[in-house]
Every structure is written in structure tokens, then in C-alpha cells.
Amino acid sequence: DERERNDYLELLRDKAATLHGVASVFEKNGLANHAWEYYYQAKSLEYRTLSKWSGEKFADWIKWALCGYGERPLHTFLTIVVSTLFFAVLYFFGGIDANGCVINYNIAKLGDTGILQIMRDYGHCIFFSVTTFSTVGYGNYVPLGACRSLFASVHMFMVVGFVHYGQAAYSANFQDSAVHNILTISE
């Protein structure tokens with residue numbers, strides 16, 4: 001039913017255009033918080049119209065996941081938490097030196113190790129992930145080997161991208177709102 005699919009996509013595009021129009025009216029009237037909500041809803045509808053396996057859909061998904069198109073700070077927080085825990089798992093199985101204590105698990109070792117030790121070691125991996133994420137890197141925890149150092153490097157570059165993209169999206173919204181408020185006051 002290609003025709004039904006095309007009609008459905010056109011309906012979504014029309015709804016998105018309507019929501020953009022509503023957002024514009026709210027913004028013109030100094031109600032930026034309401035405008036942002038309608039903008040988010042419009043972008044969510046537009047996402048559904050994109051081709052299933054396209055670079056544009058992937059880029060749009062990244063924008064949604066990182067910061068909810070600049071409208072959802074909780075998305076940014078959740079992305080940070082999930083990526084920190086994900087990299088902690090990579091470090092847990094990949095190997096780090098935590099103040100002279102080597103943490104390098106495999107599936108077989110998990111069965112031979114007590115749950116408290118596993119939790120303690122995973123806690124060290126979370127700490128290493130957080131210090132890597134924050135780009136602090138105290139130096140007392142280091143990845144084991146070149147491959148693990150590459151994980152840490154990718155982790156740091158990802159974080160810098162996450163933070164800068166999220167900050168830019170939120171700043172753009174704040175700046176638009178602030179400019180509108182200044183223009184409204186000056187009238």
C-alpha cells in the first residue's frame with residue numbers, strides 16, 4: 001500500500017508544518033517555553049517521515065537522543081548516564097589499572113568472583129568512565145594497552161561532541177528567547 005503510506009507521510013508533514021506555525025505564534029508572543037514544546041512535537045513528526053535507513057534520519061536521531069532537539073534537557077542527562085555506564089562495561093571487560101589493581105574481566109571470571117568484588121571493580125570502572133567523560137583524568141586509573149586507550153580516546157571525543165552539541169542547542173533556544181524578550185521590552 002504505497003499510496004496509503006504516501007498519504008500518511010503527507011499527513012505527518014502537514015501536522016508538523018501546523019505545529020511549526022503554532023510554535024511561531026507562541027514565540028512571537030513571548031511564550032518561548034510553549035513554542036519550544038510545539039517545535040519538539042513538530043520535529044518528532046518530521047522524524048517519522050524520513051527514510052528508514054538514511055543519514056538524515058540517523059543525524060536526526062542523534063539530535064533527539066542528545067538533547068531532544070534542544071528542548072529536552074533530560075535527554076542530555078540520560079545520554080550522559082547511559083554512555084558513562086556503557087563505557088564502564090567496556091572498561092570492565094577491556095581492562096584498566098586502578099591504582100595498581102588490574103580490573104580485566106571475562107565471562108568465565110565473572111562466575112569465579114564474588115558479587116561484592118564485581119560491584120567494587122565495576123564501581124572503579126564507573127569512576128574511570130566518569131573521569132574520562134569529564135576529561136579530568138586524575139592519572140591514578142589508566143586503560144590497559146593501546147586498544148583500551150583507543151576506547152578512552154573515543155569516549156573523550158564523543159563526550160566533547162555531546163556536550164558541545166547539547167550546549168549549542170540549548171544556547172540557541174535561550175538566545176532566541178532572550179532576543180525576543182529584549183525586542184518586546186524595547187517596543
Side-chain angles (χ1 to χ4, degrees), residues 1-94 125-126 129-130 132-135 150-187:
D1 291 312
E2 185 69 27
R3 183 174 179 197
E4 285 181 21
R5 173 81 177 142
N6 288 336
D7 290 345
Y8 175 71
L9 292 176
E10 192 59 37
L11 177 67
L12 290 178
R13 287 184 193 101
D14 289 346
K15 282 183 164 183
T18 301
L19 290 170
H20 276 296
V22 171
S24 178
V25 170
F26 275 118
E27 195 164 2
K28 286 177 185 173
N29 288 295
L31 300 168
N33 287 337
H34 296 292
W36 296 340
E37 178 60 29
Y38 284 97
Y39 174 75
Y40 175 81
Q41 295 299 327
K43 291 298 291 176
S44 296
L45 286 175
E46 289 171 353
Y47 175 79
R48 293 169 53 187
T49 67
L50 298 174
S51 300
K52 191 170 189 169
W53 299 104
S54 69
E56 185 181 8
K57 188 159 192 162
F58 180 71
D60 210 53
W61 179 82
I62 294 291
K63 293 174 194 173
W64 172 82
L66 291 181
C67 61
Y69 303 115
E71 316 305 326
R72 297 288 193 269
L74 183 59
H75 282 226
T76 304
F77 175 75
L78 291 176
T79 300
I80 290 169
V81 169
V82 168
S83 66
T84 299
L85 295 175
F86 171 75
F87 274 95
V89 169
L90 290 179
Y91 299 134
F92 186 75
F93 288 105
C125 292
I126 290 173
S129 186
V130 168
T132 302
F133 187 94
S134 64
T135 66
L150 182 62
F151 284 162
S153 298
V154 168
H155 191 186
M156 285 184 275
F157 280 117
M158 254 179 51
V159 169
V160 170
F162 284 174
V163 171
H164 289 306
Y165 179 80
Q167 186 178 28
Y170 294 125
S171 295
N173 283 344
F174 177 76
Q175 183 180 12
D176 289 346
S177 176
V179 167
H180 181 271
N181 290 339
I182 290 170
L183 293 175
T184 304
I185 291 169
S186 66
E187 292 175 354

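Source: prediction; values computed, not measured.
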Checklist outcome for this item: Ile126 meets the side-chain contact (heavy atoms from CB on, under 4.5 Å) criterion, sequence neighbours left out, with Leu85, Ala88, Tyr122, Val130
Checklist entry - CG of Leu78 to OG of Ser83: how many Å apart, nearest 0.5 Å? => result 10.5 Å
Checklist entry - If you count the non-hydrogen atoms of other residues, nucleotides and ligands that lie under 6.0 Å from CG in Asn6, is the total more than 12? => result yes
Only distances under 3.5 Å count here; give the side-chain donor-acceptor pairs of residues 41-51 to other protein atoms, sequence neighbours excluded, each with its distance to 0.1 Å.
from, atom 1, to, atom 2, distance (Å)
Gln41, NE2, Glu37, OE2, 2.8
Ser44, OG, Tyr40, O, 3.0
Glu46, OE2, His20, NE2, 2.8
Arg48, NH2, Tyr8, OH, 2.3
Thr49, OG1, Glu46, O, 2.6

Item to check | Aromatic plane relationship, Tyr91 with Phe87 - under 30° parallel, 30 to 60° tilted, over 60° perpendicular | outcome: tilted
Checklist entry - What residues, two or more places apart in sequence or in another chain, satisfy ring-ring contact (aromatic ring centres under 6.0 Å, His included) together with Tyr38? => result Phe26
Next on the checklist: Other residues, nucleotides and ligands only: do more than 12 of their heavy atoms fall within 6.0 Å of NZ on Lys57?
Outcome noted: yes
Checklist entry - Checking side-chain contact (heavy atoms from CB on, under 4.5 Å) against Phe86, which of Val89, Thr84, Leu90 comes through? => result Leu90
Next on the checklist: Suppose we screen for salt bridge (Lys or Arg N to Asp or Glu O under 4.0 Å). Which residues come up paired with Arg13, at least two apart in sequence or across chains?
Outcome noted: Glu10
